[in-house]
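Okay, here's the structure, questions in a sec.
Just so it is clear, the structure is predicted and the values come from calculations on it, not from any experiment.
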Amino acid sequence: MGGMKFTLSARQPFALQPVVKSHGWVQLAPFKLDEGQGNPDDLKNATVRKKPPLRLTYIDQLSNGRIIEYEIKQSGKGVQVQTENLDKFEKAEASQHINWMLGLDMGFSDFYKFVRMEPKLAHAKRAARGRILRSPTFFEDVIKTILTTNTLWAATIRMNLNLINTFGGAIAANGKKAFPTPGQIAAAKPDVLRKDVRVGYRAPALHELAVRVATGELDLEAFKHSPLPTADLRAELLKINGVGPYAAANLLMILGRHDFIPIDSWALKLVSHEWYRGKPVTPKQVERRFKKWGSYKGLAYWLWDWKFTG
DNA sequence: GGTAGACCTGGACGC
DNA sequence: GCGTCCAGGTCTACC
């Protein structure tokens, strides 16, 4: 087996579970979640144990082409990473990726202060919430976000899995696959995206994006540390074919910009049941309800302790 | 600046 | 069994 372990520290407060459970991303390959089920003892221990062990795995491709798997667990005030033996450059890159994926150096003290009088948000600090699970590359998150639009969640999971199985590189030893690089998708015919990956009408948009990133025309990774004001960054995101108001807001949230609410059909449902007795609402009404939270309205929406749970 | 209609796909529902 | 609807929306064409 071999391999190596290392730990990464996080800005406090931090807990792995709320990051992993922050949205559906963990259900999208190459993420995988292992909550320690399968042991018969778990049942009787469940009532005793305070923190169920939670193990997040991810198949990553480093810039030198090497594909490796991370097993990430909570460890003290940060995380412990188990992976294959890496040289110091690989380890630095892997650490950087995991740091980004979990938002280890993000802080939310201003937000916590701002919302501490709001009963629906007061839990945020207690539960160390605010971080949103993200993929190592912004490219991957843009693709995944486009795959969430105008479809069922189950279909998003399937399309994403097809994309990985069709184009992604694999670990030789076990066949586990990484998310495809822009080049791998760009090299394919758009028709393959439609016919094999089954992404439907999204095929041209996805392919075009992969080509633009692969050729260097569009530097998506630069969005991570862009000096642009959020509104300008949003305008840039909206230029991407397939990215509209919802997707842009979702991607801004992923970038740690919380000024906009990703208003989808689910958001309308939540707000409808929260304040309008289940009567249909418009995006404008959602905006109105969260206006007071200013540049934190996205987070306020995201972390709101909703009445409606489905 | 605001709003109908079309759009791949494949479960869920009604009949 | 089949048709219809619709989902973690977006784009285009109009007003």
Inset, instruction - Could you tell me whether A/Glu69 and A/Lys32 make a salt bridge, using a distance below 4.0 angstrom between a side-chain N and a carboxylate O? - result: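 So A/Glu69 does not pair with A/Lys32 through a salt bridge.
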Legend entry - Close residues, residues 231-258 of chain A, relative to DNA chain B [heavy-atom separation under 4.0 Å]: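 Output list: empty, so none.
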Legend entry - Between C/dT10 and C/dC6 - C1' atom distance, rounded Å: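 C/dC6 and C/dT10 have their C1' atoms separated by 16 Å.
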Legend entry - Touch class at under 4.0 angstrom, heavy-atom based, for A/Arg202 against every strand present: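 Here A/Arg202 touches the bases of the nucleic acid.
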Inset, instruction - Can you tell me which residue pairs pass the ring-ring contact (aromatic ring centres under 6.0 Å, His included) test with a partner in residues 180-224 of chain A, sequence neighbours excluded? - result: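 Counting only pairs at least two positions apart or across chains, the ring-ring contact (aromatic ring centres under 6.0 Å, His included) contacts touching residues 180-224 of chain A are A/Phe138-A/Phe223.
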Inset, instruction - Take A/Lys144 and A/Glu140 through the test salt bridge (charged side-chain N to carboxylate O under 4.0 Å, His left out) and record every step on the way to the result. - result: CA-CA 6 Å; A/Lys144 284 176 171 175; A/Glu140 182 174 330; 2.7 Å; yes
Legend entry - Those residues that, when tested against A/Tyr58, pass ring-ring contact (aromatic ring centres under 6.0 Å, His included) (two or more places apart):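 With neighbours one apart ignored, the set is A/Phe31.
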Legend entry - Members of residues 138-167 of chain A that approach DNA chain B, where some heavy atom sits under 4.0 Å away: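 By residue number: A/Asn150, A/Leu152, A/Arg158.
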Inset, instruction - Only pairs at least two apart or in different chains count here, so list each side chain to side chain donor-acceptor pair (under 3.5 Å) that has a residue in residues 120-132 of chain A. - result: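 Non-adjacent pairs meeting side chain to side chain donor-acceptor pair (under 3.5 Å): A/Lys120-A/Glu274.
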Inset, instruction - Answer yes or no: does atom NZ of A/Lys224 have more than 12 heavy-atom neighbours from other residues, nucleotides or ligands under 6.0 Å? - result: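 Count over threshold, so yes.
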Inset, instruction - Could you list the residues that satisfy ring-ring contact (aromatic ring centres under 6.0 Å, His included) with A/His23, not counting sequence neighbours? - result: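 So A/His23 forms a ring-ring contact (aromatic ring centres under 6.0 Å, His included) with A/Trp25, A/Trp302.
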Legend entry - Donor-acceptor side-chain pairing of A/Ser63 and A/Glu93 below 3.5 angstrom: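 Per modelled atom types, A/Ser63 and A/Glu93 side chains form a pair under 3.5 Å.
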Legend entry - Pair A/Ile59-A/Lys177, side chain to side chain contact (heavy atoms under 4.5 Å, CB included): steps then yes or no: CA-CA 6 Å; A/Ile59 316 297; A/Lys177 289 188 166 184; 5.9 Å; no
Inset, instruction - Keeping the roles fixed (side chain from A/Thr215, backbone from A/Arg212), state whether a donor-acceptor pair exists under 3.5 Å. - result: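 Indeed, once roles are kept as given, a pair shorter than 3.5 Å links the two residues.
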Inset, instruction - Hey, could you give me each pair passing ring-ring contact (aromatic ring centres under 6.0 Å, His included) that has a residue in residues 235-270 of chain A? Not counting sequence neighbours. - result: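 Found A/Trp266-A/Phe308.
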Legend entry - Same apolar cluster: A/Leu56 and A/Ile67, side chain cutoff 4.5 Å: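 No, A/Leu56 does not connect to A/Ile67 through the hydrophobic network.
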Legend entry - Donor-acceptor pair, side chain of A/Ser272 and main chain of A/Gly278, under 3.5 angstrom: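 Answer holds: yes.
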Inset, instruction - Look at the rings of A/Trp275 and A/Trp304 and say which category their plane angle falls in: under 30° parallel, 30 to 60° tilted, over 60° perpendicular. - result: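 A/Trp275 vs A/Trp304 ring planes: tilted.
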Legend entry - side chain to side chain contact (heavy atoms under 4.5 Å, CB included) assessment of A/Thr83 paired with A/Glu71: CA-CA 6 Å; A/Thr83 186; A/Glu71 290 182 18; over 6 Å; no
Inset, instruction - Please state the C1' separation for the pair B/dA4 and C/dG8 - nearest whole angstrom. - result: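 Result for the C1' pair: 22 Å, nearest Å.
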Legend entry - Positional range of nucleotides in DNA chain B within the contact set of chain A, heavy-atom, under 4.0 Å: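 First-to-last contact on DNA chain B, by the 4.0 Å heavy-atom rule, is B/dG2 to B/dG10.
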Inset, instruction - Answer yes or no: is there an ion pair linking A/Lys239 with A/Glu236, defined by an N-O contact shorter than 4.0 Å? - result: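 Between A/Glu236 and A/Lys239 there is a salt bridge, with a charged N closer than 4.0 Å to a carboxylate O.
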Inset, instruction - Only counting residues at least two apart or in another chain, list the ones meeting side chain to side chain contact (heavy atoms under 4.5 Å, CB included) with A/Ser226. - result: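 Counting only residues at least two positions away or on another chain, A/Ser226 forms a side chain to side chain contact (heavy atoms under 4.5 Å, CB included) with A/Leu228, A/Leu233, A/Arg257.
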Inset, instruction - For DNA chain B, determine which residues of residues 280-291 of chain A have any heavy atom closer than 4.0 angstrom to one of its atoms, and list them numerically. - result: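 Hits under 4.0 Å, by residue number: A/Lys284.
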Legend entry - P gap between B/dG10 and C/dC11, integer Å: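 One P to the other, the span is 22 Å.
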Legend entry - Terminal contacting nucleotides, 5' and 3', DNA chain C versus chain A (heavy atom, 4.0 Å):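 Terminal contacting nucleotides, 5' to 3': C/dA7 to C/dC11.
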Legend entry - A/Thr156 side-chain N/O to A/Leu147 backbone N/O, donor-acceptor pair under 3.5 Å: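 Pair found, side chain donor or acceptor close to backbone of A/Leu147.
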Inset, instruction - Kindly express the pairing pattern of DNA chain C in dot-bracket notation, using | wherever a base pairs with another strand and counting only Watson-Crick or G-U pairs under 3.5 Å. - result: |||||||.|||||||
